[in-house]
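Residues: numbered from 1 along the sequence shown. These values consider heavy atoms only, across backbone and side chains, with no hydrogens, waters or symmetry-generated copies. For ligands, and for the atoms within them, numbers begin at 1 and follow the listed sequence.
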Amino acid sequence: MRNSTRSGVDPFIVMDVMEAACKAEEAGRHIIHMEVGQPGTGAPKGATEALAKAMEQGPLGYTVALGLPALRQRIARLYGDWYDVDLNPDRVVITPGSSGGFLLTFTALFDSGDRVGIGAPGYPSYRQILKALGLVPVDLPTAPENRLQPVAEDIQGMDLKGLMVASPANPTGTMLDHASMGALIDAAQGQGASFISDEIYHGLEYEAKAVTALELTDECYVINSFSKYFSMTGWRVGWMVVPEDQVRVVERIAQNMFICAPHASQVAALAAMDCEDELQANLDVYRRNRALMLDGLPKAGFANIAPPDGAFYVYADVSDLTNDSRAFAAEILEKAGVAVTPGLDFDPQRGHTTLRFSYARATADIEEGLERLRLFMAQRDAISEKA
Ligand SMILES: Cc1ncc(COP(=O)(O)O)c(C=O)c1O
């Protein structure tokens, strides 16, 4: 059967790494997982309890397409608590994860062939979803001196209909401050491009609070999720904030594409928002892990890293060690028993010389992983010295 040209999207290489790690485990090896981009913890206890209660009370049918009104209101309150932004709950749309949010956003804003700028390195699915929708992803190669984030000059004369940023970003964990986010918004709006801000890692910050685009403009789409800070990846629930005059457009698409986000997940998500103690305890673990990584990775020989302001990743330039990050990641898995992600997923041009390390797991795993990496690199050095 013939496939559409739109369907020719690339695989997610990290999934291949996960599969290789899985096979090694099946063969009896113990693997430390630094490849996965998800919390090792489950949903907060209050969330599962609330869902258990709701299941006893009655059936969980469809909700309205925009999501449970109580959840939309609670999310609007979060913007007051976190950023001092007064948000009209009518602007909040509940989505099947932020991934569902991307589909709604790109469909609502763009026509076939439109060019949408994305930072490289960046979250791989932006590029693939854009392609699958007949849109043109335009990679904006970022520079270390700009913390591997796009800057306003990068989009001059690019003829973009949209610009998508993420702060904190995956794979780097770097953030945009008020000034750089503001400059990007101005530059995008100056060329008539819609500004989209992926804020999925908000709440996972270690030095300064992340800036929401809503502090700077109402003319943007903000995408967020319960997957990361709220530790609910498998529940497939997220949200968007859109301008008031865009709500109906998004609602019509949501009704037809998804009907609604999973009702059970919406109930759990609402309760998760009041589980601050548990979520902060998770954050404390990431904070400890991050400190261990920032100390241990350079000691192991991975010294060239972007300063990770948030999320739970460290992105390392390994061009002094390899020209083939995929083969290098396979070697690390085989010899050190540590699964890491080659940068190719995030940056097709330069990712052959980068690796992403995730520190979302338990601290004991991070300690063990760093020790294994140190030993592996020491042996590698010893072998290359002999040769
Ligand atoms: C930057 C970024 N955006 C979006 C997603 C997708 O998340 P969700 O589980 O909300 O679909 C991820 C997942 O890792 C991500 O890293």
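Of the N and O atoms on the side chains of Q149 and S167, not one donor lies less than 3.5 Å from an acceptor on the other residue. For the residue pair S197 and E199, a side-chain donor N or O sits within less than 3.5 Å of a side-chain acceptor on the partner. Looking only at atom types and distance, the side chain of N289 has a donor-acceptor partner in the side chain of T363 under 3.5 Å away. The closest side-chain donor-acceptor pair between E244 and N88 falls under 3.5 angstrom.
Among residues two or more places apart in sequence or in another chain, the salt bridge (charged side-chain N to carboxylate O under 4.0 Å, His left out) test is passed with E19 by K23.
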Under a 3.5 Å threshold, I'd like every N/O contact between ligand 1 and protein atoms, with atom names and distance.
| residue | atom | partner | partner atom | Å |
| --- | --- | --- | --- | --- |
| ligand 1 | 3 (N) | D198 | OD2 | 2.7 |
| ligand 1 | 7 (O) | S98 | OG | 3.1 |
| ligand 1 | 9 (O) | S227 | OG | 2.7 |
| ligand 1 | 9 (O) | R236 | NH1 | 2.8 |
| ligand 1 | 10 (O) | S98 | N | 2.8 |
| ligand 1 | 10 (O) | S98 | OG | 2.9 |
| ligand 1 | 10 (O) | S225 | OG | 2.7 |
| ligand 1 | 10 (O) | S227 | OG | 3.4 |
| ligand 1 | 11 (O) | S98 | N | 3.4 |
| ligand 1 | 11 (O) | S99 | N | 3.0 |
| ligand 1 | 11 (O) | S99 | OG | 2.5 |
| ligand 1 | 11 (O) | R236 | NH2 | 2.7 |
| ligand 1 | 14 (O) | K228 | NZ | 2.7 |
| ligand 1 | 16 (O) | N170 | ND2 | 2.8 |
| ligand 1 | 16 (O) | Y201 | OH | 2.7 |

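Heavy-atom contacts from other residues, nucleotides or ligands closer than 6.0 Å to CG of D86 number 12 or fewer.
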